[in-house]
There are 2 protein chains.
Amino acid sequence: MRKRVSLHPAHAILHGMESNWDDLKAVLFLVRHGTLAAAGSALGVAYTTVARRVERMEKAVGTPLFERLTDGYRVTEAGREVAYHAEQMEQQHIALERRLAGQDQHLRGSLTVTAPQLLIAACLAKPIGAFADAHPDVDLTIRATNDLLDLNRREADLAIRVSNDPGDTLTGLRLAEQAQASFATPDLANRIAADPAACVEWVMHVSAKGPPKPSLASHPNARVKLWLDDMVAILGAAQAGLGVVRLPMFLGRSTPGLVQVPILPPQPYIPIWCVAHRDVWKGGKVRAFREALVAYFRENRDQFT
Amino acid sequence: MRKRVSLHPAHAILHGMESNWDDLKAVLFLVRHGTLAAAGSALGVAYTTVARRVERMEKAVGTPLFERLTDGYRVTEAGREVAYHAEQMEQQHIALERRLAGQDQHLRGSLTVTAPQLLIAACLAKPIGAFADAHPDVDLTIRATNDLLDLNRREADLAIRVSNDPGDTLTGLRLAEQAQASFATPDLANRIAADPAACVEWVMHVSAKGPPKPSLASHPNARVKLWLDDMVAILGAAQAGLGVVRLPMFLGRSTPGLVQVPILPPQPYIPIWCVAHRDVWKGGKVRAFREALVAYFRENRDQFT
DNA sequence: GCAAACTCACGCGTTTTCGCATGTGTCGGG
DNA sequence: CCCGACACATGCGAAAACGCGTGAGTTTGC
């Protein structure tokens with residue numbers, strides 16, 4: 001095998017500073033987290049180890065990378081330079097992990113999926129459980145959060161999102177169209193049906209602009225009783241009979257104690273997407289989970305419209 | 001110091017494979033050098049260590065990265081993928097070293113300079129020696145090679161090159177214009193001067209196209225006796241009286257036993273440049289060496305034309 | 001105003017990693 | 001044919017790295 005695969009014709013003689021790549025990672029994490037303890041726990045090592053690695057790094061570079069403060073380490077200019085390049089290296093490392101995950105066609109190992117809290121609670125719990133049962137060798141982690149996790153950084157392998165497009169760098173698939181409608185307790189719904197002129201009291205998310213305009217035509221007498229910034233809290237308010245809420249169909253239907261209020265017909269809402277990074281899209285586990293989702297949403301399409 | 005410098009808002013929870021960055025480096029070097037022993041010596045560790053790190057890496061990835069052959073390790077497709085990303089990480093690491101070297105204004109530590117073999121032997125030895133004496137804390141390494149070392153990879157900090165421009169990505173400074181002329185032993189030179197019609201025998205570098213055209217006007221009777229691919233060998237041939245050679249002025253003048261042959265007046269030749277990567281150009285040691293060079297070439301300009 | 005929680009520094013015992021030495025198999029030249 | 005050069009595997013002792021515990025100082029909160 002005399003044929004040497006040479007990615008670089010000449011090999012460098014790097015004089016002086018021969019630094020350890022892992023020490024760079026310690027600097028990066030210390031910059032990110034500010035204290036030795038936090039960086040250490042993020043790295044999965046004791047904080048003293050972080051301190052040692054940073055010391056080694058400073059010795060290798062020849063200049064201090066951090067100022068020692070009473071409540072943490074503050075990065076210096078030189079330290080920021082090091083951290084910047086360490087971050088670039090980390091990007092490459094993450095990219096590698098993605099590509100390996102994408103090539104891995106086995107149905108075992110870890111798989112992390114993120115989805116909106118309430119979508120999981122109301123619909124996805126069942127298909128997720130079925131997937132976990134069907135593939136016991138897959139180490140399935142669900143991150144129920146409304147935050148948009150960074151799929152580029154592989155904070156999750158696959159995301160279920162309520163949005164109009166998969167995003168710039170991601171590959172996606174539209175799982176379902178959605179419609180939204182108005183919901184309230186049966187008591188409240190009956191009262192509104194009985195007297196269209198009565199005042200309709202709304203409970204709304206702070207991001208909404210106000211009562212839906214089409215509803216004002218039939219029920220002009222409307223006011224917003226309460227603004228909330230959390231959907232779970234809104235559901236609770238609606239169940240307590242505080243007012244009428246506007247919800248995607250799946251959520252209103254699956255919430256006990258709420259019925260649809262015929263103020264206005266269901267309106268189009270944001271569709272549900274399944275998105276992933278291109279590199280992992282064709283990976284075995286991601287593919288399998290995605291196909292399970294597609295099957296589920298095909299069978300239960302009417303839940304959402 | 002509650003203000004946390006956050007290069008990334010959320011920190012990734014990288015499930016499964018927690019790989020060591022240094023193990024990636026081992027894979028990269030093993031791909032480059034083909035055998036454990038070669039990779040180990042390039043890394044400055046024992047080859048057993050390389051083997052162990054690669055094993056760890058394969059275990060982490062889950063697929064073999066190399067085929068074990070009787071005469072070395074052959075990289076697999078997955079291994080190539082890993083090595084590619086490791087190489088990208090290495091690029092970042094090298095870039096970091098460059099930037100730190102560029103910020104370092106101290107006149108101590110290592111400095112590597114490359115220059116053509118014969119230019120060092122004929123001219124640069126003196127100013128280089130003076131620099132070394134003037135800056136005893138600088139660990140000066142001279143790489144006398146005709147290869148173009150990769151300044152991007154920091155195979156050298158600074159290069160003295162005979163070329164027409166500094167190159168794409170590099171910063172440069174023209175140290176001297178050069179002229180070339182014809183040289184031979186005094187005996188041979190006299191004979192040519194005595195009989196312009198006699199046959200002029202040339203010794204040439206294989207890269208030359210043949211006897212210089214202007215010389216054919218006055219001495220049409222010319223043949224190339226010998227082609228050589230090495231300048232030191234050409235000098236030897238000329239000193240042995242094998243023929244007339246074409247040399248840059250500095251080289252012909254400084255070679256004992258050779259005199260200029262008045263076949264044709266000196267012609268323009270490729271100038272001498274001092275080039276370095278932009279990141280290190282303003283660094284203390286590079287700057288000092290460069291200034292010494294400029295001073296030397298200003299004082300000895302007439303050696304080259 | 002004082003205790004709890006937080007930060008880091010330092011020292012020690014343990015674990016891990018490393019380098020060396022030895023053994024095996026293969027290839028090529030004398 | 002055998003021997004040396006070169007490839008790797010394996011096992012063991014030394015060295016380096018690591019984690020834990022302790023102690024000092026500072027901020028936070030009751």
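In the text below, chain A, chain B and the rest are named by the order of the sequence lines, each starting its count at 1.
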>> Once you apply a heavy-atom cut-off of 4.0 Å, does B/Arg52 come out as touching a base, just sugar-phosphate, or nothing?
In response: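 Contact class for B/Arg52: base.
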Side chain of [X] - closest among [options]:
| X | options | result |
| --- | --- | --- |
| B/Thr35 | D/dG19, D/dA7, D/dC18 | D/dA7 |
| B/Tyr73 | D/dA9, C/dC18, C/dT7 | D/dA9 |
| B/Ala37 | C/dT17, D/dA9, D/dA7 | D/dA7 |

>> Does any part of the side chain of A/Thr114, heavy atoms only, come nearer than 4.5 Å to the side chain of A/Arg161, both counted from C-beta?
In response: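 A/Arg161 vs A/Thr114: side chains apart.
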>> With a 4.5 Å cut-off on side-chain heavy atoms, are B/Val50 and B/Phe29 touching?
In response: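 No, every pair of side-chain atoms sits at 4.5 Å or beyond.
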Return the value, rounded to whole Å, for the distance between atom [atom1] of [X] and atom [atom2] of [N].
| X | N | atom1 | atom2 | value |
| --- | --- | --- | --- | --- |
| A/Asn20 | C/dT17 | CG | C1' | 12 Å |
| B/Glu55 | C/dT16 | CD | P | 17 Å |
| A/Arg74 | D/dT26 | CZ | P | 17 Å |
| B/Glu67 | D/dA7 | CD | C1' | 16 Å |
| A/His33 | C/dT7 | NE2 | C1' | 16 Å |
| B/Asp22 | D/dA17 | CG | C1' | 13 Å |
| B/Leu69 | D/dA9 | CG | C1' | 16 Å |
| B/Asp23 | C/dT16 | CG | P | 16 Å |

> With distance as the sole test, does B/Arg99 use its side chain to make a donor-acceptor pair with the main-chain N or O of B/Asp279 at under 3.5 Å?
Replying inline: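 Checked: no pair found.
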> Going by the angle between their ring planes, with limits at 30° and 60°, are B/Phe131 and B/Phe289 parallel, tilted or perpendicular?
Replying inline: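 Ring orientation of B/Phe131 relative to B/Phe289: perpendicular.
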Tabulate protein N/O versus nucleotide N/O from nucleotides 21-25 of chain C, keeping only pairs under 3.5 Å, one per line.
none

>> Using OP1 and OP2 only, check whether a side-chain N or O of B/Arg53 sits under 4.0 Å from C/dC18.
In response: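 For C/dC18, OP1/OP2 do have a side-chain N/O of B/Arg53 under 4.0 Å.
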> Just to confirm, is there a sub-4.0 Å distance from OP1 or OP2 of D/dA17 to any side-chain nitrogen or oxygen of A/Arg56?
Replying inline: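 Yes, within the criterion.
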>> Going by the rule salt bridge (Lys or Arg N to Asp or Glu O under 4.0 Å), which residues pair with A/Asp22 if we only count those two or more places apart in sequence or in a different chain?
In response: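 A/Asp22 satisfies salt bridge (Lys or Arg N to Asp or Glu O under 4.0 Å) with no other residue.
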> Can you list the residues that meet the salt bridge (Lys or Arg N to Asp or Glu O under 4.0 Å) rule with A/Lys25, with sequence neighbours excluded?
Replying inline: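 By the salt bridge (Lys or Arg N to Asp or Glu O under 4.0 Å) rule, A/Lys25 matches no residue at all.
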> Would the number of heavy atoms belonging to other residues, nucleotides or ligands and lying under 6.0 Å from NZ of A/Lys282 be above 12?
Replying inline: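 At most 12 heavy atoms, drawn from other residues, nucleotides or ligands, come within 6.0 Å of this atom.
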